[in-house]
Number of protein chains: 2
Amino acid sequence: MAQTGGAEKSGSRASMREETERAILDAAEVVFAEKGFGGATMQAIADSCGLPKANLHYYFASKEKLYRRVVERIFTIWLEAADSFETEGSPDVALRSYIARKMQLSREHRYGSKVWANEVMHGAPIIQDYLETNLRSWTETRVTVIRRWIDEGRVRPIDPRWLLYMIWATTQHYADFAHQIETLNHGPLDDAQWAGATETVCDIILRGIGIDSDPPA
Amino acid sequence: MAQTGGAEKSGSRASMREETERAILDAAEVVFAEKGFGGATMQAIADSCGLPKANLHYYFASKEKLYRRVVERIFTIWLEAADSFETEGSPDVALRSYIARKMQLSREHRYGSKVWANEVMHGAPIIQDYLETNLRSWTETRVTVIRRWIDEGRVRPIDPRWLLYMIWATTQHYADFAHQIETLNHGPLDDAQWAGATETVCDIILRGIGIDSDPPA
DNA sequence: CGGCACCTTGACTGGTTGGTCAGGTCTGCT
DNA sequence: AGCAGACCTGACCAACCAGTCAAGGTGCCG
């Protein structure tokens, strides 16, 4: 047999390659998330996407290069979500949409979030440069915006960094600690619970920094 | 040479044993936190506490048994801290002392927190029973207390679970994501920053759930 | 059809790791 | 002193893992 590629039809050679790479990346994301970089094996990833191990090495030269690609892909998604933190609108809208988006990401990209958390916890050996460039500049922009809101009296005077950390921590917790949450919940959160959690997180944080949402109270 | 045991004086045989075990556990906690279970090697732990690898196996039969002991020790500390969530006093005092204690733990037991996070992220293969017994009963107790506060009108109506998760997430973030925070901060947080972060976290959460602290506003 | 570039894979290898063990050392007791 | 049991450790081993390779397959172009 050949062109194992899965259950794919025949696309162009390039698109076939993309599909295979994506399948490997998807499998690798789950395995790296569940086992960590050191605990993950190329064999486990190969089994997970139904390819022989040697085939993985054809597409990705080494385990580390594969891992790097997984992390880079996650960071891209993270950056896109970061755009939902509008710097133009009102704090109410900006923060609510940002928090809601991050909660959604935690639900839809649990494994990606875990890989990111693992990477940072282990000292970010692979993505230190991302932290120092992209993440730092993004953060500084938002800190400036929040400071302006504070100066305008729209937000209580707080250090914006502690607020951002709280948002990151709380939203990502629903992905990274999903197992703990599901244990306490006797099963996965349902739609209503996700909506409730998102709403509660928004409310506590907005009230906490002195924003009275729902103007007509 | 013998009785390498470090720079210890000669204590009783039993206390010597305890000291050695503690030294191994301390080293193991750091290595497991930084490398994960799969990425950690017995050799690295041995080097870290200046003992030959074979000696580790004299005190701990296997890598997994050593890891289990590390996690159990962390859970004990976690449980002690949980007691600072008083179920008798006012919500203001109970939550403030609990949050402050958890922030302090994040600062003083960064590696323990990371090991715990790793364990939960990987599906809690070792400590699932702890989650289902100790953590669940602790949580249910506090949920009941918070519900009572809500019924008494002392706290805004919210699902207590989302509040607890927010507290856990935010406080533990300062340990688990310390590397990211320190990168953005251009260095470790100093005493004033830790105090400020703790204060801000307390304020946002208490205000967020409708508690007006500092009664005389 | 012939040739070429790309893809697939079973079998192999060099290096690492968890764990073992035999033999040595030290301590406390009689 | 002499002995027993706890403690220490260098050397070793079987298992495993990332990465290699050569042989073979497949589609596409002229």
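To find a chain, count down the sequence lines: A is the first, B the second, and so on, and within it residues start at 1. No hydrogens, no waters, no symmetry mates; every other heavy atom, side chains included, goes into these values. Since we're looking at a predicted model, the values are computed, not measured.
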> Nearest whole Å is fine: how far is dC7(D) P from Glu19(B) CD?
13 Å
> Without decimals, in angstroms, what is the distance between His57(B) NE2 and dC13(D) P?
17 Å
> Pairing donors with acceptors under 3.5 angstrom, does anything connect the side chains of His179(A) and Gln128(B)?
yes
> Distance alone, cut at 3.5 Å: any donor-acceptor contact between the side chains of Arg107(B) and Gln104(B)?
no
> To the nearest Å, give me how far apart CG (Leu56(A)) and P (dT20(D)) are.
13 Å
> Hey, can you pull the residues of residues 40-48 of chain B with a non-hydrogen atom under 4.0 angstrom from DNA chain C?
Ala40(B), Thr41(B), Met42(B)
> Tell me which one of Trp168(B), Trp78(B), Tyr98(B) satisfies ring pair (Phe, Tyr, Trp, His ring centres under 6.0 Å) with Phe85(B).
Tyr98(B)
> Ignoring hydrogens and angles, are the base of dG18(C) and the side chain of Lys53(B) linked by a donor-acceptor pair under 3.5 Å?
yes
> Verify the contact: side-chain N or O of Tyr59(B) to OP1 or OP2 of dC7(D), cut-off strictly under 4.0 Å; return yes or no.
no
> Could you work out which one of dC8(D), dC7(C), dG18(C) sits closest to the side chain of Tyr58(B)?
dC8(D)
> Quick one: which of dT9(D), dT8(C), dG19(D) gets closest to the side chain of Asn55(B)?
dT9(D)
> Please state how far atom CG in Leu66(A) lies from atom P in dA18(D), giving the value in whole angstrom units.
11 Å
> What about the rings of Trp138(B) and Phe75(B), do their centers lie closer together than 6.0 Å?
no
> So is Lys63(A) actually on top of Phe37(A)'s ring, under 6.0 Å and inside 45° of the axis?
yes
> Whole angstroms only, please: what is the CE-C1' distance between Met16(A) and dT26(D)?
11 Å
> Taking 4.0 angstrom as the limit, do Arg17(A) and Glu21(A) come out as a salt bridge?
yes
> Within the supplied structure, the quantity of interest is the number of heavy atoms (other residues, nucleotides, ligands) at a distance under 6.0 Å from Glu64(B) CD; does it exceed 12?
no
> Please check the phosphate of dA6(D) (OP1 and OP2 only) for any side-chain N or O of Arg17(B) closer than 4.0 Å.
no
> Tyr67(A) OH to dG19(D) C1': how many Å, rounded?
20 Å
> In whole Å, I'd like the distance from the NZ atom of Lys63(A) to the C1' atom of dA18(D).
8 Å
> Whole-Å distance between dC17(D) C1' and Phe37(A) CZ?
12 Å
